[in-house]
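Here the structure is laid out as structure tokens; the discussion comes afterwards.
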Amino acid sequence: MLSPRSRILGIETSCDECSASVVESEEIDGRLRLRVLSVATFSQEELHAPFGGVVPEIASRNHLETLLPMVEKALADAAISLSDVSAIAVTNRPGLVGALLVGVSGAKALAYAADLPLLPIHHLEGHAASLFLDLPEGSGAIPWPSLLAIVSGGHTNLHVLGEPPEKWGEGILASSLMGSSRDDAAGEAFDKCAKLLGFPYPGGRWIDSEAKKGDASLHPFPRPLAREKTFDFSFSGLKTAVSLHTERLKKEGRFEEERANLAAGIQEAIVDQLLHRIFLLIRERGLQSLGLVGGVAANSRIRERLASECPVPVLFPLLKYCTDNAAMIAAAGAYRFHQGRALTRDSMLSLGASSTA
Ligand code: KG4
Ligand code: ZN
């Protein structure tokens, strides 16, 4: 019989954030309450910024230097030692394979040495579980079935989920996928367009803040697939349209004065497309709630528009858990641990990492 209370050490190294976290979970009436005791994250953003994107080799080398200090800090900040941990959760897919392998090897070594169970976690299941971290008492009981929108730098996925996370089984995200991007992810579109406007990588949050000073109606960029009945997305045309448009404005010497209006126009085109498909799927399937997760869920315009336009209750993760972090991996691990799905000493050593789902 599993104890109703557990402490999960989470590890995330799938891309350019090296993060460790301790999350305490407590079972109350069949639901888990997840409380974050600590999160220690080293962001490699500045290391990759000069290259305009993540350089895989730099990422894995830096994870190698940073992982153990992050684990030590997470344990110290939670005021516990490894022997107080119930299990270790680690992202093992999808992501940059070299970066993932650093986290997986570190987690395996720690779990083996401390004789702890190991929980391999799909990065997107981590984003999904981020919805339920540090919820105030009594909240988070959203009605089901629910639409889960995962909108990040690598994915734009719509999932229909019939049950709360305590019941999510193996492969839940693959079996519930209803729509995804046919080309660039929404976060990738933010980043590529931000680069065209001269903002550093990753540019989503720069567009978010610049757009507050602009008028979106002055640059109406395309909304592809608007007339197609599909739950898929397409964002690659936006980058081309923005590129041609900014070139013209630069030639006319009007680029600088139009930058905020351009940012607002880009943001509105992305948010419009996301909301159009989300609302279509909610109506078609009679869904009862929406959970929006991933880096783009931090966008202030999408939060503002959902608050006023969404026909069903919306749940967002706390802002600090939208972009990559190990607390969300520990959260997904807590659900898995509670279901008794941990790898034991015998089975953990063969665990690998995968760049794909
Ligand atoms: O989930 P995440 O941290 O990493 C992936 O798993 O991809 O998402 C990162 C993405 C980046 O594309 C970043 O530009 C975007 O999230 N992002 C934002 C905002 N904050 C982060 N996009 C729009 N508005 C924001 N405020
Ligand atoms: Zn992510």
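We're numbering straight along the sequence, starting at 1. Start at 1 and go down the list; that is how both ligands and their atoms are numbered.
Across all non-hydrogen atoms, the minimal contact from Ala129 to Ala331 is CB-CB, 3.8 Å. Of all heavy-atom pairs spanning Gly10 and Ala326, the tightest one is O-CB, 3.5 Å.
Interface of Gly187 with ligand 1, defined as ligand atoms under 4.0 Å from a residue heavy atom, comprises 12 (O).
Distance from atom 3 (O) of ligand 1 to its nearest protein heavy atom, with residue and atom name: Asp324 N, 3.0 Å. Closest to atom 24 (N) of ligand 1 among all protein heavy atoms lies Asn299 ND2, 3.0 Å. Of all protein heavy atoms, the one closest to atom 26 (N) of ligand 1 is Asp208 OD2, 2.9 Å. For atom 17 (N) of ligand 1, the nearest non-hydrogen atom of the protein is Gly295 O, 3.5 Å. With hydrogens left out, the protein atom closest to atom 7 (O) of ligand 1 is Gly153 N, 2.8 Å, a heavy atom. For atom 12 (O) of ligand 1, the nearest non-hydrogen atom of the protein is Asp191 OD2, 2.7 Å.
Remark: Glu170 engages Arg336 in a salt bridge, criterion side-chain N to carboxylate O under 4.0 Å. Ion pair Lys251/Glu247 not flagged as a salt bridge, since none of the NZ, NE, NH1 or NH2 atoms sits closer than 4.0 Å to an Asp/Glu carboxylate oxygen. Comment: Arg277 does not engage Asp232 in a salt bridge, judged by the lack of any side-chain N to carboxylate O separation of less than 4.0 angstrom.
Angle NE2(His123) to the Zn ion (ligand 2) to NE2(His127), rounded to 10°: 100°.
Between the side chains of Asn325 and Ser19, not a single donor N or O lies within less than 3.5 Å of an accepting N or O. Checked by atom type, the side-chain pair His338/Glu166 shows no donor-acceptor distance below 3.5 Å.
Centroid-to-centroid, the aromatic rings of His127 and Tyr321 stay 6.0 Å apart or farther.
Taking any N or O of Gly204, backbone or side chain, at least one lies under 3.5 Å from an N or O belonging to ligand 1. In terms of polar-atom proximity, Gly154 is counted as a contact of ligand 1, with an N or O under 3.5 Å from an N or O of the ligand.
Restricting Asp324 to its N/O/S atoms, the shortest distance to the Zn ion (ligand 2) is reached by OD1.
The closest heavy-atom contact to atom 6 (O) of ligand 1, among the options His123, Arg205, Arg301, Glu12, comes from His123.
Linking Ile, Leu, Val, Met, Phe, Trp and Tyr residues whenever their side-chain heavy atoms come within less than 4.5 Å places Leu351 and Ile88 in a single cluster.
Residue His127 places a heavy atom under 4.0 Å from ligand 1.
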